[in-house]
Amino acid sequence: MSTTTNENGTTEGTARDRDPPSLSGMISTLVPVLLISAVYLVIFLFLRRSQRRYYAPRTYIGSLRESERSPPLSSGFFNWFSTFWKIPDVYAVQHQSLDAYFYIRFLRIVTIITFVGCLITWPILFPINATGGGGLHQLEILTYGNVNPDTHSNRYFAHVLVGWVYYGFIMYMIMRECIFYINMRQAFLLSPFYSNRISSRTVLFTSVPTPYLDEAKLRQVFGPSVKNIWITSDTKELDETIKERDKVAFKLEGAEVKLIKLANKERQKALKNGGSAEDPDGARLALGDTESGSIAARWVPNKKRPTHRTGPLGLIGRKVDTIEWCRKELERLIPAAEDAQAKYRAGTYKKVPGVFIEFRTQAEAEGAAQILAHHQGLHMTPRYVGIRPSEVVWKALAIPWWQRVIRRYVVYAFITAMIIFWAVPVAVVGAISNVDNLKDLSFLTWLNKVPSVIMGVISGLLPAVALSILMSLVPVIMRLCAKLCGEPSLSRVELFTQNAYFVFQVVQVFLITTMTSSAAAVVIQIKDNPQDATKILAECLPRSSNFYISYFIVQGLTIATGVLTQVIGFVIFQILYKFLASTPRALYNKWANLSAISWGSTLPVYTNIAVISITYAIIAPLMLGWATIGLFLFYLAWRYNVLFVTDTQIDTRGLIYPRAIKQLFTGIYLAELCMIGLLGASAQPWPLILMVVFLVFTVLFHISLNSAINPLLHNLPLTLLAEEEAGRLLPADGGLDGGMEKPTNGVGHGSTGKKPNFLIKFLKPWIYSDYHTMRTLVPHNEGIDEYPEDVARNAYYPPSVTSQTPLLWIPSDAAGVSKQEIAHTSKVIPITDEGCELDEKGKLVWDRETTRPPVWEEKIYY
């Protein structure tokens, strides 16, 4: 081994032996991150007390039913946490959705997996690695690379056996959680709370051939169990008409509000100047005033009334009075929209190959979804149960089967290319951040003339913003791809995005980063010492874990507290609500609509963190500690958001969970392949053979698990459906009735009745987390009221078919302008000024707590 002598005369190794300052690097990352996290936490503790709408809306907001609300927390700085901690995770099932519950359960399970990994690996591998004789220093002595293959080769058996135990534990957890999910899903979907919904009895058939786009033929195929049939038609023309009608209506609403504000502003000026509020300056009485606006004209001359241009983007064209023009347009558009809707209901539009069939019972719907509906391949398939009307991607239903096949492969090819080549724009951003080093290039010498301040912005702020934009575009592009390839619902789009974005995270955030972080050092060292190539690989690859220690520190502390605090979101909410919401409708919509979690773009990030920690569990066990801390903080942050802040808008019926759980196999495979590679590089044949044997076992276990579990993920078993329909399963006495109780003894159907201990319950989920036990965790005593006839009849029409003429909402005012505007505008379109008024300062005031505004619509549980 070559050596060099430093200035102090001490001997040190080559570049291969000079270890990076991993400990100081970890501390230098940890200190500023802790400070930032502390600031975030202090902001949250202060704002939580006063900004209830943003930090605890689920405790009181009127857009939620009483049964959906969470218990209020104390207003103190810290005394709220005990109440928050005592609320069980399953509360999210009873008061929100399966997705919300399984989202936080996933974070809890991966936290447990990484914590158990610490308990398994640290007591054994830390001392083995630290005394491995590899000559590494600082944190590197705790890694696989510190074991000298020449003198301590037998120690590699410990790594293999610990890997067997830990990877086996993870595989058992995956199996256990899949069983838990299936039983919980079946209990929830078969409960009256869900089974009475119209979506649970409705099946979407795609790629329906033209001869079967006929109600009589479909009833002949599916028999007397069919209740309602909705055959989808092309709505392009209807959509454009409805869109134009609503655009003009809301433009009129905005103009009316603007006119009222202008009139009252001038009135207040007159009052301040000592004038009369009833009879202002006579010059304001315009001689050419029409009946419409006679009161407003006392304060606002014609030239100051709201106007716009009729050309593109409102920049060119004839200038018109907005209120008068909108009224005339609506006189034309409202009857046109009603005629177009009537034509659709009459079936005169071109039919498309998408059909919704409602069956009389949930069991009949599930049976229809599981049978072969058509004698030709790729016809009347795929089929979906449980799609809510608000989630349907209506344009996707028009895609024929052959286009669906072609589009899917084209989209797969595009996403693959994007994942592989996304490093190119990221590299360009990286080059911009190092622009100072590029000034010497002949075609960039002009950069020397750019002021240093601007160069600082270009090299500092611009790359950070550009990289954030680039990364945020990935899920957006993938959702667009999902719609283009024909996914028929937003829930299917989220599931598609979850898979695709997870692959992106693993390839770009993990694999490419890992390879690039160690590639340069490995190439240089192998060039200097080619005879030690295998040893260099075995030492250098574990060192790339240093980057992920910093990554977990930043993610777990800064990002997790940022998720809890949401400072930027809070500022944007305040700006939008106080300054940019100019109409009563805009104020109400911003206030009443809760934010939602995008399952497809958030869950893959945490799945990837778990995959990274599993991959490095044996190679660099210290990472498991930081992964545990980070994931636990994410669990707390998202748990708070799910229980008190967010609402569910897209419902996958919990399918995000088994996908995320089974994606942990990626971490196991990568870990096993890395261990095989490292053992091969260390020239250790017997540990290598043992690891290959376990890889084969993992593959066989994975295949067997999929064959047993996959059929139960998407369909409900007819056995349980038959029992439920027959009423043989009575409600459990220990039910929660929507509350927060837990099962009294945890004993499931088929057990001996003896109260089991924790270990027995953990090892036998098929008994102690079975369907009958899960029934006690869902709100089975809450059913859905019978749907009104018109709601049931119109449930699966496209939204443009059932869209009503909007009710305009303007504020009442002291000058009386709103009353006269209502008198004139109501001849064309419904309008009201109830529930909101304009105060003396010209601000809109409405009752946010006790009364329902006129534009409120009751939430229908489809």
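Quick note: numbers below take in every heavy atom, side chains included, and nothing from hydrogens, waters or symmetry partners. Sequential numbering from 1 along the given sequence is applied to the chain's residues.
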Would a distance-only check, ignoring hydrogens and angles, find a side-chain to backbone donor-acceptor pair under 3.5 Å from [X] to [Y]?
{"X": "Trp230", "Y": "Gly354", "result": "no"}
{"X": "Glu391", "Y": "Asp651", "result": "yes"}
{"X": "Asp321", "Y": "Arg305", "result": "no"}
{"X": "Glu494", "Y": "Gly600", "result": "yes"}
{"X": "Ser70", "Y": "Arg58", "result": "no"}
{"X": "Gln96", "Y": "Thr648", "result": "yes"}
{"X": "Arg197", "Y": "Phe193", "result": "yes"}
{"X": "Thr310", "Y": "Lys319", "result": "no"}
{"X": "Trp599", "Y": "Ala100", "result": "no"}
{"X": "Ser200", "Y": "Ser195", "result": "yes"}

Subject >> Residues Leu643, Phe84; criterion side chain to side chain contact (heavy atoms under 4.5 Å, CB included); working and verdict >> reply: CA-CA 9 Å; Leu643 294 178; Phe84 161 70; 4.3 Å; yes
Subject >> Geometric class of the Tyr862/Tyr787 ring pair [parallel <30°, tilted 30-60°, perpendicular >60°] >> reply: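 Rings of Tyr787 and Tyr862: parallel, as their planes differ by under 30°.
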**OP:** Classify the angle between the aromatic ring planes of His95 and Tyr91 as parallel (below 30°), tilted (30 to 60°) or perpendicular (above 60°).
**Re:**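 Plane angle under 30°, so parallel.
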State, with a plain yes or no, whether a side-chain heavy atom of [X] is found less than 4.5 Å away from one of [Y].
{"X": "Arg345", "Y": "Thr802", "answer": "yes"}
{"X": "Ile831", "Y": "Ile810", "answer": "yes"}
{"X": "Leu252", "Y": "Thr322", "answer": "no"}
{"X": "Pro806", "Y": "Phe250", "answer": "yes"}
{"X": "Ser63", "Y": "Lys859", "answer": "no"}
{"X": "Ile387", "Y": "Thr202", "answer": "no"}
{"X": "Val39", "Y": "Thr561", "answer": "no"}
{"X": "Ile323", "Y": "His824", "answer": "no"}

Less than 3.5 Å apart, which donor and acceptor atoms pair up between the side chains of residues 586-595 and the rest of the protein, not counting sequence neighbours?
| residue | atom | partner | partner atom | Å |
| --- | --- | --- | --- | --- |
| Asn589 | ND2 | Arg585 | O | 3.4 |
| Asn593 | ND2 | Asn589 | O | 3.0 |

Can you give each donor-acceptor pair under 3.5 Å made by side-chain atoms of residues 335-344, sequence neighbours left out, with the distance rounded to 0.1 Å?
| residue | atom | partner | partner atom | Å |
| --- | --- | --- | --- | --- |
| Gln341 | NE2 | Ser800 | O | 2.9 |
| Gln341 | NE2 | Val801 | O | 3.3 |
| Gln341 | NE2 | Ser803 | O | 2.8 |
| Tyr344 | OH | Ser233 | N | 3.1 |

Are [X] and [Y] ion-paired here, with the side-chain N under 4.0 Å from a carboxylate O?
{"X": "Arg245", "Y": "Glu329", "answer": "no"}
{"X": "Glu244", "Y": "Lys247", "answer": "no"}
{"X": "Arg327", "Y": "Glu324", "answer": "yes"}
{"X": "Glu68", "Y": "Arg65", "answer": "no"}
{"X": "Glu66", "Y": "Arg69", "answer": "yes"}

Minimum heavy-atom separation for [X] and [Y], please, with both atom names.
{"X": "Gly386", "Y": "Arg653", "value": "CA-NH1, 3.7 Å"}
{"X": "Ile822", "Y": "Ser826", "value": "O-OG, 2.6 Å"}
{"X": "Asp234", "Y": "Val352", "value": "N-CG1, 3.9 Å"}
{"X": "Tyr40", "Y": "Gly562", "value": "CD1-N, 3.9 Å"}
{"X": "Pro811", "Y": "Leu838", "value": "CB-N, 4.1 Å"}
{"X": "Ser390", "Y": "Leu490", "value": "O-CD1, 4.2 Å"}

Subject >> Set of side chain to side chain donor-acceptor pair (under 3.5 Å) partners for Asp813, sequence neighbours left out >> reply: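 Testing Asp813 for side chain to side chain donor-acceptor pair (under 3.5 Å), a comparison that skips the adjacent residues, returns Asn264, Ser818.
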Distance, nearest 0.5 Å, that separates [atom1] of [X] from [atom2] of [Y]:
{"X": "Leu333", "Y": "Ile242", "atom1": "CG", "atom2": "CD1", "answer": "9.5 Å"}
{"X": "Trp809", "Y": "Thr583", "atom1": "CH2", "atom2": "OG1", "answer": "8.5 Å"}
{"X": "Leu204", "Y": "Thr232", "atom1": "CG", "atom2": "OG1", "answer": "7.5 Å"}
{"X": "Ile229", "Y": "Glu358", "atom1": "CD1", "atom2": "CD", "answer": "10.5 Å"}
{"X": "Ile260", "Y": "Leu844", "atom1": "CD1", "atom2": "CG", "answer": "9.5 Å"}
{"X": "Glu331", "Y": "Ile829", "atom1": "CD", "atom2": "CD1", "answer": "11.0 Å"}

**OP:** Run the numbers on Val300 and Val817 for side chain to side chain contact (heavy atoms under 4.5 Å, CB included), then give the verdict.
**Re:** CA-CA 11 Å; Val300 182; Val817 176; over 6 Å; no
Original post:
What's the verdict on side chain to side chain contact (heavy atoms under 4.5 Å, CB included) for Trp299 and Lys269, showing C-alpha distance, side-chain angles and the deciding distance?
Top reply: CA-CA 10 Å; Trp299 310 101; Lys269 286 183 180 179; over 6 Å; no
Side chains of residues 42-49: which donor-acceptor pairs under 3.5 Å do they make with residues two or more places apart or in other chains?
| residue | atom | partner | partner atom | Å |
| --- | --- | --- | --- | --- |
| Arg48 | NH1 | Ser74 | O | 3.2 |
| Arg48 | NH2 | Ser74 | O | 2.7 |
| Arg48 | NH2 | Gly76 | O | 2.7 |
| Arg49 | NE | Ser75 | O | 2.8 |

Original post:
After noting the C-alpha distance and the side-chain angles of Arg388 and Ser491, does the key distance pass the side chain to side chain donor-acceptor pair (under 3.5 Å) rule?
Top reply: CA-CA 9 Å; Arg388 298 185 300 182; Ser491 58; over 6 Å; no
**OP:** Can you tell me which residue pairs pass the ring pair (Phe, Tyr, Trp, His ring centres under 6.0 Å) test with a partner in residues 300-328, sequence neighbours excluded?
**Re:** His308-Trp325
Original post:
What's the verdict on side chain to side chain contact (heavy atoms under 4.5 Å, CB included) for Tyr640 and Leu73, showing C-alpha distance, side-chain angles and the deciding distance?
Top reply: CA-CA 11 Å; Tyr640 182 90; Leu73 298 176; 3.9 Å; yes
Original post:
Just checking, any donor-acceptor pair under 3.5 angstrom between side chains of Asn228 and Arg201?
Top reply: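 Asn228 vs Arg201: no donor-acceptor pair found between side chains.
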Subject >> By salt bridge (Lys or Arg N to Asp or Glu O under 4.0 Å) - contacts of Lys351 (at least two apart) >> reply: none
